[in-house]
Amino acid sequence: MDILLFILRYLVSPLIVISVLMGMCAYAVLAERKISSWIQNRVGPNRTQLPILAYIPVAGNILQRIGFSQPMADGLKFLFKEDVLPGHVKKFYYVLAPCLSLMTALLTCTVLPFGLWWSKADGLEHPLVLADVDIGLLFILAVSSLGVYGLVLAGWSSNSKYPFLGGIRASAQLISYELAMGVALLPVFLWSSRPGVVSPLNLYSIVQAQNNLWLIIWQPISALIFLICLFAETNRLPFDMAESETDLVGGFHTEYGSFKFGFFFIAEYAHMIVGSAVFVTLFLGGWNFLPGFADPWPHNLLGSLLTLVWFLAKVVFFVCFFIWIRWTLPRFRYDQVMKLGWNVLLPLSVANFIAYLVFFALFPKV
């Protein structure tokens, strides 16, 4: 029995989480293509179809029109393309870079709680999480910031000027927005450090601190700063300075193709999904139902599934928000990105932190 539990906890559970994340990445690409087509008054992917699905009455036609099989076709396309290794690149680091970018996104999933389960023995609730560590939020900030090393390595190892400039831009952008993001989260630490909480940096504790009202209501400025920095951290428009095809061809991945480019592509969407999950955990109450309403989840297996579905619904909403912003706002200039990070967000986050310090000093029992 102990061996079975060990296998289930340390082998099967991580594989399930990674598989779900990879599936979400695949269909996030489809969602990007469909939403962008609706915004631009186009149809989007609507022809690819698995032969076996074509024989399903009514549903087969609907699945084809929404592009259900398109992610599988895209994956096979990347898998069977010729994997070219340019002669002028630094080969070891060139191959390592896309793996590093994807690995950091997968590592952050290990400490993210995405639901609840209740013990039959004592009836106590526990988080659905692979590793319930006391410094979960610091772990996510530390590991996610390592993702930029993949972009920098890709730019440097490509031995080409445009990828090198893309890598330099990625590192400068990370430094500029990591500072504001870290300072914006300090009021969240203060809020979760209520009496009786042993580990205020634990993500489960932060979610439990939002039982009554979500932190986006109590701390809207922190939420706004964190959200803007999240766009910059994930290199999504209007902050995709590392790619910026208008002046850098393809940026850091100019020299990449086939499956290695696919790794960068998947890593971008994985970071977007994990970033959305972190925002939901910190500011939207995680699996908590609605502000001011008690959780309706029954304390059984059905309740665990409902908490998981509710959490994923919030994440999907924010993924769609990311996509909507990309196809709505134009790309910023590089100097505008730097000014926003250093001249606006950083001073605003410091002022916001000082304001909450004064607030908690005057009203310690809130």
Side-chain angles (χ1 to χ4, degrees), residues 3-32 68-79 95-117 126-133 135-151 154 203-204 207 230 233-236 258-281 286-287 304-305 307-316 318-319 322:
I3 296 177
L4 183 61
L5 289 175
F6 177 85
I7 294 174
L8 181 64
R9 181 172 183 179
Y10 295 105
L11 293 178
V12 178
S13 298
L15 286 176
I16 292 174
V17 172
I18 291 174
S19 300
V20 170
L21 179 61
M22 291 295 98
M24 292 183 69
C25 290
Y27 281 93
V29 177
L30 176 62
E32 176 106 59
F68 178 79
S69 303
Q70 189 66 44
M72 290 172 266
D74 292 339
L76 288 173
K77 177 186 70 174
F78 278 122
L79 185 61
V95 175
L96 176 64
C99 302
L100 186 61
S101 294
L102 182 59
M103 183 177 64
T104 54
L106 298 180
L107 278 176
T108 52
C109 294
T110 57
V111 298
L112 263 178
F114 40 82
L116 292 175
W117 65 276
H126 305 277
L128 278 171
V129 62
L130 293 178
D132 188 23
V133 297
I135 55 170
L137 187 52
L138 289 183
F139 178 86
I140 284 181
L141 292 176
V143 173
S144 62
S145 64
L146 294 177
V148 73
Y149 282 93
L151 310 189
L203 292 170
Y204 171 65
V207 174
L230 201 57
E233 293 272 314
T234 53
N235 287 307
R236 296 282 298 180
S258 65
F259 209 62
K260 291 190 287 294
F261 171 76
F263 263 48
F264 279 123
F265 202 57
I266 295 170
E268 177 183 335
Y269 285 92
H271 281 290
M272 182 175 68
I273 292 169
V274 173
S276 299
V278 172
F279 187 87
V280 167
T281 301
W287 52 82
S304 298
L305 291 175
T307 60
L308 175 60
V309 169
W310 187 241
F311 180 84
L312 290 178
K314 294 180 181 179
V315 173
V316 170
F318 257 91
V319 169
F322 267 87

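Bear in mind that the values here come from a model prediction, so they are computed numbers and not experimental data.
Closest approach of Ser145 to Tyr149, counting heavy atoms only: O-CD1, 4.5 Å. Considering all non-hydrogen atoms of both residues, Gly286 and Phe311 come closest at C-CD1, 3.7 Å. Of all heavy-atom pairs between Ala270 and Ala105, the closest is CB-CB, 3.6 Å. Scanning all heavy atoms of the two residues, the minimum distance from Phe264 to Ala154 falls at CZ-CB, 3.5 Å. In terms of heavy-atom proximity, Pro127 sits nearest to Asp132 at CG-OD2, 3.7 Å.
Between Met72 atom CE and Asp74 atom CG the span is 10.5 Å, to the nearest 0.5 Å. One distance of note links CD1 of Ile266 with CZ of Phe261; it measures 10.5 Å at 0.5 Å rounding. Atom OG of Ser13 sits about 11.0 Å away from atom CD1 of Ile18, to the nearest 0.5 Å. The CG atom of Leu102 sits 9.5 Å away from atom CG of Leu107, with the distance rounded to the nearest 0.5 Å. Residue Phe114 holds its CZ atom at 12.0 Å from CG of Leu203, rounded to the nearest 0.5 Å. Atoms CZ and OG1, from Phe139 and Thr110 in turn, are 4.0 Å apart once rounded to the nearest 0.5 Å.
No donor-acceptor pair under 3.5 Å is formed between the side chain of Ser258 and the backbone N or O of Phe78. Formation of a donor-acceptor pair under 3.5 Å by the Lys260 side chain with backbone atoms of Val95 is not found in this model.
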Output, in order, the C-alpha distance, side-chain angles, deciding distance and verdict of side chain to side chain contact (heavy atoms under 4.5 Å, CB included) for Glu233 and Leu141. CA-CA 11 Å; Glu233 293 272 314; Leu141 292 176; over 6 Å; no
Does the pair Thr108 and His271 meet the rule for a side chain to side chain contact (heavy atoms under 4.5 Å, CB included), with working shown? CA-CA 9 Å; Thr108 52; His271 281 290; 6.0 Å; no
Could you give me the CA-CA distance, side-chain angles and deciding distance for Val17 and Leu21, then say whether side chain to side chain contact (heavy atoms under 4.5 Å, CB included) is met? CA-CA 6 Å; Val17 172; Leu21 179 61; 5.5 Å; no
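Side-chain contact between Met24 and Val315: present, with at least one pair of heavy atoms (C-beta onward) separated by less than 4.5 Å. Using a 4.5 Å heavy-atom threshold, the side chains of Leu106 and Met22 count as touching. At least one side-chain heavy atom of Cys25 sits under 4.5 Å from a side-chain heavy atom of Ile273. Side-chain contact between Leu151 and Asn235: present, with at least one pair of heavy atoms (C-beta onward) separated by less than 4.5 Å. Side-chain contact between Leu230 and Phe279 is present, with heavy atoms from C-beta onward closer than 4.5 Å.
Listed by first then second residue, pairs satisfying salt bridge (Lys or Arg N to Asp or Glu O under 4.0 Å) with a partner in residues 265-278 read Arg236-Glu268, not counting sequence neighbours.
Residues that satisfy the side-chain hydrogen bond (donor to acceptor under 3.5 Å, both in side chains) test with Tyr27, not counting sequence neighbours, are absent from this structure.
Paired with Trp287 under the rule side chain to side chain contact (heavy atoms under 4.5 Å, CB included), one option of Leu308, Thr307, Thr281, Val280 passes, and it is Thr307.
Phe265 and Tyr269 have perpendicular rings, their planes meeting at more than 60° on a 0 to 90° scale where under 30° would count as parallel.
Taking the six-membered ring where the residue is Trp, the centroids of Phe259 and Phe263 are separated by under 6.0 Å.
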